[in-house]
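Chain letters run A, B, ... following the sequence lines, proteins first, then strands; residues in each count from 1. Only a predicted model underlies this, so the values are computations on that prediction, with no experimental measurement involved. All values below come from the heavy atoms of this structure, side chains included, with hydrogens, waters and symmetry mates left out.
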Amino acid sequence: MKTYYDGIVIGGGILGVSIAYELAKAGMKNICIIERKYLASGSTGRCGGGFRQQWSTEPNTRLAMASVDRLEHIEQELDYKTEFYQGGYLILAHTDDEVTQFNKNVEMQKRLGLGVNIVNPDEAKKIVKFLNPDLIKLATWCPTDGHINPFLLTQAYANAAKRLGADIHLWTNVTGLMKKSNTFFVMTDKGVFETPILFNCAGSFSRSIGEMLNVEIPIDPYRHEILVTEPVERLWDPMVISFSVGLYARQEMNGGVVMGMGDPNEPVGTYVGSSMHFMYEMSRRFTTLFPKLTGLRIVRQWAGLYEMTADAQPILGPIDEIENFYQACGFSGHGLMLAPAVSQLMAELVTQGKTSLPIDDLHIKRFRGQARFNREKSVV
Amino acid sequence: MKIICRCQDITEDEIVAAIKQGATTLDEIKRLVRAGMGPCQGRTCRRLVTQILARELKKPVAEIYPSTFRPPNRPVQFKLVIAELERQKAEEVKKASKSKEGKKK
């Protein structure tokens, strides 16, 4: 078995495979991905599958806009069908606080060149006809957002990376890391790998990977639950988000409605079982917002982990303590929608030493010895 | 052409194609081609897919990693879940009023 690589990516989620692909495309072909289970077995394969550009902080909006530009041509580039669909995102405001915040967000997003509009409840009801308009004060609508199938996108990147020469080691668990004179030794249950450049894309387990090299990566995993209904005929196109009711819902291409919610009482931990509480609470929230859809049948529920940082924005780039140890983690539940741009930036950073978009404000040092952050507010 | 998953109309060829792409477990087949994601939750096709996996990977069936079983057991309407929630709440109110009466006596 080959044990020396020019670069090793820990984690076979969307971030891991997209970074491996971009590196291979930029010329670093002797690379590998180490994955604990199978591709997209962690947060990527459990997510809602949306991509949006409507954020409350500039770095997130910038990255998301670059990602959507890239996603528009990804099927041709990777030669794989991914169920990419620009159905838009409708974000609902229910309170006066939200109205002020959304006006501020839209102003910032428009400054960055995003085609986003504020719509009134009647217009929102035209876009999604099953909404209960009495609950809504206004909504923001961006038609270029949309959704994609996370498994297929991961597989598309993985296949393309393999074609360019990258190796993918599945069912390989990283048990220890060591650095000796510019070489990382990656100890796994399948043997030891050596590399000069290491990427941490382990998602919820990034903190453990950091601990193996004695650096603190401030990421905590939280469980978020999600469910899907039986396939029905086309109900609506966009992803609907409400932060105060606390839910997001979209209809998949095959007809099932996927919906999830955040629970502020969720403890830190990597448990991903399902709960009865979620099914009750989700049904209550969904039928409040969509009173006519009480006859839909729930087929399946599951849970995944949000890898939260203190400001709900990712940790990107090198770290000061250890040279050539790059971070692309802590996406706080939005890895899928930022990965296409982030992977390109990481490949640029490694192969050219500079990035085409600024990522300095996402460096890990923002968490060192600081108590207050500019927190991303648009998180379900 | 053999239909393996009848909820999602998945054929044997599609499953074999997914295995050729590198899938080795039931969960990966589920994610890539949706076999077992329909209303029956893989009750019909789970064993068939396991057999196809065993045949293609030349492994005994016992060594194929099983898929996760997820609630609910069968499709449930939202209104049923809500009705159950309301019944539980009503019961709690009843219990609370009963214990109050008991204290008064």
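Within 6.0 Å of the NZ atom in B/Lys95, the count of heavy atoms belonging to other residues, nucleotides or ligands does not exceed 12. Atom OH of B/Tyr65 has 12 or fewer heavy atoms from other residues, nucleotides or ligands within 6.0 Å.
Salt-bridge annotation for B/Lys89 and B/Glu92: absent, with no side-chain N of the basic residue lying under 4.0 Å from a carboxylate O of the acidic one.
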Take B/Thr24 and A/Tyr38, measure what side chain to side chain contact (heavy atoms under 4.5 Å, CB included) needs, and give me the verdict at the end. CA-CA 9 Å; B/Thr24 56; A/Tyr38 48 87; 5.9 Å; no

Run A/Phe290 and A/Leu296 through side chain to side chain contact (heavy atoms under 4.5 Å, CB included) and show every step you take. CA-CA 11 Å; A/Phe290 300 90; A/Leu296 273 179; over 6 Å; no

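Residue A/Ile168: no heavy atom, backbone or side chain, is found under 4.5 Å from chain B. If you measure heavy-atom distances from B/Gln21 to chain A, the contacts under 4.5 Å come from both the backbone and the side chain. Interface remark: A/Leu152 contributes side-chain atoms only to the contact with chain B (heavy atom separation under 4.5 Å). Only the side chain of A/Glu252 comes within contact range of chain B, with heavy atoms under 4.5 Å apart. Contacts of A/Thr229 with chain B are made by side-chain atoms alone, with heavy-atom separations under 4.5 Å and no backbone atom involved. Within the 4.5 angstrom heavy-atom criterion, atoms from both the backbone and the side chain of A/Gln301 approach chain B. Interface remark: B/Thr68 contributes no atoms to any contact with chain A (heavy atom separation under 4.5 Å). Interface residue B/Arg34: only side-chain heavy atoms are found under 4.5 Å from chain A. Contacts between A/Ala158 and chain B at a heavy-atom distance below 4.5 Å are absent for every atom of the residue.
There is a side-chain donor-acceptor pair under 3.5 Å between B/Gln88 and B/Glu84. There is a side-chain donor-acceptor pair under 3.5 Å between B/Asn73 and B/Arg43.
Residue with the most contacts toward chain A among B/Arg31, B/Arg70, B/Lys79: B/Arg31 (heavy-atom pairs, distance under 4.5 Å). Among B/Pro75, B/Pro71, B/Pro39, the residue making the largest number of heavy-atom pairs under 4.5 Å with chain A is B/Pro71.
At least one donor-acceptor pair closer than 3.5 Å links the side chain of A/Glu75 to the backbone N or O of A/Thr82.
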